[in-house]
Amino acid sequence: MKLVTWNINSIRARTQRLVGWLDANRPDVVCLQETKVEDAQFPLEAVEKLGYRAVIFGQKSYNGVAILSTAELADVTRGFGDDPADDEARVIAATTHGIRVVNVYVPNGQDLTSDRYPYKLAWYGRLRAFLERTTSPEKPVVVCGDMNVTADDHDVWSPEAWRDQIHCSAPEREALAGLRAWGLDDVFRVKRPEGGVWSWWDYRGVSFFKDQGLRIDHILTTRVLTAACAACVIDRSARKGQDASDHAPVVATFGL
DNA sequence: ATGGCCGCTATGAGCGGA
């Protein structure tokens, strides 16, 4: 069972790129973020032609998440269902291939002085509360997506340049650690503890060419899935060339 | 120190992204 998370940065601008990658890699479950499109305009036909079913939660211009699967997608939830309700489409969950899949696009936060920063930190707390009331760490659960936080300096090309910047501040890292403490493993880190591998590179300048990136896209798994994980890699090749997303897909393979 | 690129919008400049 192969699962991928990928911040696609507009699914309409990236449809051909996505289709080509799916055709070549044939994952069973695909978690997309930043689709940037209302549900009526989502390119369903293009993914259905490849054999995927899809559940989507989008909005105009910003955010938007979707889960594609080669199998049935059951018990679909959109948003946290908490109070007050969020007007940003950032989380969708479904059960497929025997796994509860929670796909998230965590708020960016802008910078440490922005009012988006406390919103981001609070969002992590709401995500953990959502997990607590909807599932269990004893079950096979994947929480994945663009988490907009580096776990530690091993996920940062230049810890000096990024020190206390957004994605690298201690409160953000504590928020991510607090989520993991519910009962989730950072499965890429388990496989590649030495770090130095990125999932995002800035469009500006020569950051990709010089491999100056961050690892902010994560696949977190409960114990039973961590034990079943055969491999977890970041497909850097998908960041190359014209019309690439600024994020690369993260792929986990499970012996299920 | 700043911005550099990209996608979006009842566009043509400004915002958000990270």
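Every chain is numbered from 1 and lettered A, B, ... according to where its sequence line falls, protein lines coming before strand lines. Side chains included, hydrogens not; waters and symmetry mates left out as well; all remaining heavy atoms used.
Checking B/dG7, B/dG17, B/dT9 against the side-chain heavy atoms of A/Ser61 singles out B/dT9 as nearest. Here the side chain of A/Asn7 is nearest to one of B/dA18, B/dG7, B/dT9, namely B/dA18. Nearest nucleotide to the side chain of A/Asn9, out of B/dG7, B/dC8, B/dA18: B/dG7.
Residue A/His247 has a polar side-chain atom (N or O) positioned under 4.0 Å from OP1 or OP2 of B/dA18. Not one side-chain nitrogen or oxygen of A/Asn108 sits closer than 4.0 Å to the OP1 or OP2 atom of B/dG16. For the OP1/OP2 pair of B/dT9 and a distance below 4.0 Å, the side-chain nitrogens and oxygens of A/Arg12 include at least one atom meeting the criterion.
For residues 110-126 of chain A, proximity to DNA chain B is found at A/Gln110, defined as any non-hydrogen atom under 4.0 angstrom from a strand atom. Of the residues in residues 149-173 of chain A, A/His167 come within less than 4.0 Å of DNA chain B through at least one heavy atom, sorted by number. Residues of residues 191-204 of chain A having a heavy atom closer than 4.0 Å to DNA chain B, listed by number: A/Trp200, A/Tyr203, A/Arg204.
When the P atom is compared between B/dG12 and B/dA1, the two are found 34 Å apart, to the nearest whole Å. Comparing B/dT11 with B/dC15, their C1' atoms are spaced 12 Å from each other, to the whole Å. As rounded to the nearest Å, B/dC6 and B/dT2 have P atoms that lie 23 Å from one another. Between B/dG4 and B/dA10, the distance separating the two C1' atoms is 30 Å to the nearest Å.
Residues satisfying the ring pair (Phe, Tyr, Trp, His ring centres under 6.0 Å) criterion with A/Phe130, sequence neighbours excluded, are A/Phe80. Looking at residues two or more places apart in sequence or on another chain, you find a side chain to side chain contact (heavy atoms under 4.5 Å, CB included) between A/Arg204 and A/Asp202.
Side-chain polar atoms of A/Tyr117 and A/Ser169 form a donor-acceptor pair below 3.5 angstrom. There is no side-chain donor-acceptor pair under 3.5 Å between A/Tyr52 and A/Asp28.
Both A/Lys36 and A/Ile216 sit near DNA chain B, but only A/Lys36 has its closest nucleotide nearer the 5' end. Remark on DNA chain B: of its neighbouring residues A/Gly109 and A/Ala244, the 5'-side contact belongs to A/Ala244, judged by nearest-heavy-atom nucleotide.
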Which is it for A/Arg78 and A/Asp86 under the salt bridge (Lys or Arg N to Asp or Glu O under 4.0 Å) test, yes or no, and what are the steps along the way?
CA-CA 10 Å; A/Arg78 294 168 176 82; A/Asp86 216 319; over 6 Å; no
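In this structure, A/Glu34 places its CD atom 12 Å from P of B/dG7, rounding to the nearest Å.
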Can you check nucleotides 13-15 of chain B for protein contacts, nitrogen or oxygen pairs under 3.5 Å, and list what you find?
none

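Salt-bridge check for A/Arg116 with A/Glu88: passed, with a basic side-chain N closer than 4.0 Å to an acidic carboxylate O.
A/Asp246 pairs with exactly one of A/Trp201, A/Trp200, A/Phe208 by the side-chain contact (heavy atoms from CB on, under 4.5 Å) rule, that one being A/Trp200.
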